[in-house]
J.: 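Structure below; questions to follow.
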Amino acid sequence: MPVQLLKVIKGKSEIPLPSHLQKEDLKQLQEGLDHTNKYFQGIVVLSYPLTKLGDGTDFFKVVLQDLDKWCSRSNSINVLIYGKMAEDCAKVICHGDTFVVAGFKLAKSPTAREDGRHGCHLEVSEEAGSAIYIYTAPRTTAASETASVSVAPKYVYTPLNHLKDGTIVNLYGVVKFFKPPYVSKGTDYCSVVTLVDPSNVKLTCTLFNGNLDALPKIYKVGDIVRFHRIKIREYNGQMQGITSAGFASLTFDGTVGAPVVPRTSSKVYTFMDEEQKTIEDLRVWAATNLSISGPAAKLSGVQPMLYFDLTCQLVGKAKVDGSSFLLKVWDGTKCPYPTWKVPVEARDLEGEKVLLHQLRNLTVDILVYDNHVQLAKSLKIGSFLRIYSIHTKQASAENEDFSHIEFHLHGGTCYGRGIGVLPESNPDVKELKTFLESVDLADSQGMESMSSVELDGTFNNVTVLTDHQDLSNTELKTILNSTAPQQYRIRAKLRTYKPQKLYQSIKLHCSKCNSLREVPDGGDFDLILQGAAVTAPNPDLHNTSWYNSVMWTTQDQKQRKIAIHFVKHDEMLQQPEDTLLMVEGGTLKEIWKLTKRFKCVIPVRSTEDHLELLDLSAPFLLQGNIKYYGCKQCSTPKPIKGLSSIAAEQRPSWEPSEIAQVLGIEQLQYVFVMRFTLVDGTGALNAYIFDYEKFFQIPASEILTNNFLQEKMQMTMNTLCPPGRKLDDLPWLECFIKSYNVRDAMKHQVYYQIFDTTVAEDVV
DNA sequence: TTAGGATTGG
């Protein structure tokens, strides 16, 4: 028998073991077989806190996983360590270590049914003549070979490209697709979740649980999950995840910069700094690598014959028949189409009668079928819901001028069809609640009558001309047959426009070189910040005559250095809300936090002798929610010291344009760029809207970060071009357009642009 | 056990 030994071997790739020992794999670990002179080797995937048994003996439990082989049930086994060996092991062991044990006793595992691990466990102690060899994996600073290891179990997370059939693993992933929990045909709720991670491998997991709360609380694609003890199996040639005994999950909002707060029903879970970092990294990865979906659909933006997810509040519900159930919901916006009202007996309709009446023009009827009925029945009036993959069906009734629209949640769970209840703490719910409270009910009732006036054709001043009142109208046919450039006044209808997704109309424009650029997303900015953070702030540049500096080092493994330079006014620091600061080495989240508190934030980096702006793909200035960008082509950055001239002004206003000027930046302006297809019965032409603020009376710079303004713009477009209307029923628009020539070597084209026109005040 | 993603009927 080997000697009683606990040997720690660091930094060696091979474990020198006594030559008489032979390796055994999990399959060979069976009761009744001789294990003398045999050893078992596995990776530590979990360790429990060191405890004392009733008789005072130290006790330590670790879980080993055999990464090479597996038996039919599982690939992990419990190892119970007693006495001095327990104490010694607890001190040194870390997850990821390779653990070799010889001279063990094999016994039936009483917990195998619960934990899904090997049917036997290994008992190890000095008294039994056991030997343990540990090959230590690289330590992180936080977990450096100390007893802290045993305070909480350590988990190993497997990337999705390293999953093996028959294993039980822990993993992280970004939700790429999900079906909200639904009642399965068996005894449990079921939820199907497809994950993806930076290895770009997908994993579809089928999760069952009799308790709805035990399934992950996923609300949208892009949420991030952490699964513990998920079983991996091969199915149809692909890896598949399925709940195993002891499955547990945490779910996080996938938005970069959002608080990292897990959604879980577990009362006890481990979550540490490293894990917070993992979530933040996954968010940035997802933002940069996965296609981001636009803002969620509102009732005001629904399109017929499509599917959409709706975040809404339940106002009423009613049984219809055995296989369908009615939900009456609202989201504060008005559906631009006439909507279908499902006839139900008044006594079957649940909900506050007064409210149902008040909101009658804003609620829509959603008919849910089959498997969704049971869940729908259990919903509480007033609760906030997200209904996934609602079908908007256009149905034309006879003797009606235009068709109405129906909302169905068909049976089945294809494409994630289903209903999820959102908690009041959900950020989308908070935003919706605020919006619902702001809705003026009198207004929405007025809208109904306005529509009918419009239909009569007596109400047509949806646009206002701001100049050139003397110009008379020209037919589109005449304009199309004329040479450019010229200016016209026209009367036309807006047949369609592009982009239909209004947030896509926002671009950045350089007035000097006339170029247009897409608005970068947060991921690009984050990458630039990460690149800049590699160079530490240069202390020689700190505390000058015009700014005060502070610097500190982060506590995480990266030991990142952050410096903030507060620009002074009259030798004094100003109130935060008046202060401009420059920041070095900050992350996206940190910068975002600084913008909440300080007037202006300029990300910079150190060189040997001065501070300078980052690459101009990043904003050169952040003020509140707005990021200001400079033109890469036309800017010639000047020394950052130029800011001191503004700081010296009597009352520095820190106007972005002024900051841009002293820094040599040609500032890009946010603009709406849209294409309107106009018709007047004589012809059709495409005219561009190129608008900073005037046409919509909404600043283009603010729309991307302001849902209310997006809502307002959608309403405006619905008035100019009401969806689902016949051409005859569209309102007339009066506008000015100018024609201009665009020539290149190959061709010559005439373009049209709308100018000196604005949307009427009672429309917006 | 259940489902194993992949819409359209009422």
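Just so it is clear: chains get the letters A, B, ... in the order the sequence lines come, proteins before strands, and each one is counted from 1.
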J.: Picking from B:dG5, B:dT7, B:dA3, which would you name as closest to the side chain of A:Thr194?
T.: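 The answer is B:dG5, which lies nearest to the side chain.
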J.: Atom CZ of A:Phe407 and atom P of B:dT8: how far apart are they, to the nearest Å?
T.: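 In whole Å, B:dT8 P lies 19 Å from A:Phe407 CZ.
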J.: Does the pair A:Asp223/A:Arg263 count as a salt bridge with the N-to-O cut at 4.0 Å?
T.: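 A salt bridge links A:Asp223 with A:Arg263.
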J.: Quick test of the criterion, 5.5 Å between centres and less than 30° between planes. Is A:Tyr415 stacked on B:dA6 or not?
T.: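 Taking the rule of under 5.5 Å and under 30°, the ring of A:Tyr415 does not stack on B:dA6.
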J.: What is the separation between atom CG on A:Leu215 and atom P on B:dA3, rounded to the nearest whole Å?
T.: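 In whole Å, B:dA3 P lies 14 Å from A:Leu215 CG.
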J.: Rounded to whole angstroms, how far apart are CG on A:Asn371 and C1' on B:dA3?
T.: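 It works out to 13 Å between those atoms.
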J.: To the nearest angstrom, how far is A:Tyr182 atom OH from B:dG4 atom P?
T.: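 The answer, rounded to whole Å, is 4 Å.
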J.: Could you give the CG-to-C1' distance, from A:Leu327 to B:dG10, as a whole number of Å?
T.: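 Those two atoms, CG and C1', are 15 Å apart.
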J.: Go through the N and O atoms of the side chain of A:Asp321 and the base of B:dG10, and report whether any donor-acceptor pair is under 3.5 Å.
T.: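 Absent.
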J.: Taking the minimum atom-to-atom distance to the side chain of A:Arg417, which one of B:dT7, B:dG4, B:dG9 wins?
T.: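 Nearest to the side chain of A:Arg417 among the choices is B:dT7.
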J.: To the nearest angstrom, how far is A:Leu367 atom CG from B:dT7 atom P?
T.: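 Value for this atom pair: 22 Å.
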J.: Kindly confirm whether the side-chain ring of A:Tyr307 is stacked on the base of B:dT8, judged by centres under 5.5 Å and planes under 30°.
T.: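 Answer is no, no stack.
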J.: Tell me which nucleotide among B:dT1, B:dT8, B:dA3 gets nearest to the side chain of A:Ile242.
T.: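 From the listed options, B:dA3 comes nearest.
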J.: May I ask you to verify if any side-chain N or O of A:Lys202 is less than 4.0 angstrom from the OP1 or OP2 atom of B:dG5?
T.: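 Checking A:Lys202 against B:dG5: no side-chain N or O falls below 4.0 Å of OP1 or OP2.
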J.: Does the side-chain ring of A:Phe208 sit on the six-membered ring of the B:dT2 base, less than 5.5 Å centre to centre and under 30° in tilt?
T.: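 Aromatic stack with B:dT2 present for A:Phe208.
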J.: Taking the six-membered ring for Trp and the full ring for Phe, Tyr or His, determine whether the centres of A:Tyr415 and A:Tyr307 are under 6.0 Å apart.
T.: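 No: the rings miss the under 6.0 Å criterion.
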J.: Ring centres within less than 5.5 Å and planes less than 30° apart: is that true of A:Tyr369 and B:dG9 in this structure?
T.: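 The base of B:dG9 is not stacked with A:Tyr369 (the test needs centres under 5.5 Å and planes under 30°).
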J.: Quickly work out the A:Leu409 CG to B:dT8 C1' distance and round it to whole Å.
T.: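 Rounded to the whole Å, the gap is 12 Å.
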J.: May I ask you to say whether A:Glu424 pairs ionically with A:Lys430, meaning some side-chain N is under 4.0 Å from a carboxylate O?
T.: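 A:Lys430 and A:Glu424: not salt-bridged.
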J.: Of the nucleotides B:dG4, B:dG10, B:dT8, which has the atom closest to the A:Thr206 side chain?
T.: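 Nearest listed nucleotide: B:dG4.
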J.: Looking at A:Tyr48, is A:Lys61 sitting on its ring face, NZ or CZ under 6.0 Å from the six-membered ring centre and within 45 degrees of the normal?
T.: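 Yes, A:Lys61 and A:Tyr48 form such a contact.
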J.: Could you tell me whether the side chains of A:Tyr182 and A:His372 share a donor-acceptor contact shorter than 3.5 Å?
T.: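 Per modelled atom types, A:Tyr182 and A:His372 side chains form no pair under 3.5 Å.
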J.: I want to verify a distance call: between B:dA3, B:dT8, B:dG4, whose nearest atom is closest to the A:Gln240 side chain?
T.: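 Selected nucleotide (nearest to the side chain): B:dG4.
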J.: Strictly below 4.0 Å: does A:Lys393 bring a side-chain N or O up to OP1 or OP2 of B:dG10?
T.: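 For B:dG10, OP1/OP2 do have a side-chain N/O of A:Lys393 under 4.0 Å.
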J.: I'd like the P distance from B:dG4 over to B:dT8, given in whole Å.
T.: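 Those two atoms are separated by 14 Å.
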J.: Tell me which of A:Phe177 and A:Asp188 sits closer to the 5' end of DNA chain B, going by the nucleotide each one is nearest to.
T.: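 It is A:Asp188, whose closest nucleotide lies nearer the 5' terminus.
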J.: Relative to the 5' end of DNA chain B, which residue comes earlier, A:His408 or A:Lys176, by the nucleotide with the nearest heavy atom?
T.: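 Between the two, 5'-proximity favours A:Lys176.
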J.: Are A:Asp428 and A:Lys220 ion-paired here, with the side-chain N under 4.0 Å from a carboxylate O?
T.: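 Answer for the salt bridge query: yes.
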J.: Between the side-chain atoms of A:His391 and the base atoms of B:dT8, is any donor-acceptor pair under 3.5 Å?
T.: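 Donor-acceptor pair under 3.5 Å: yes.
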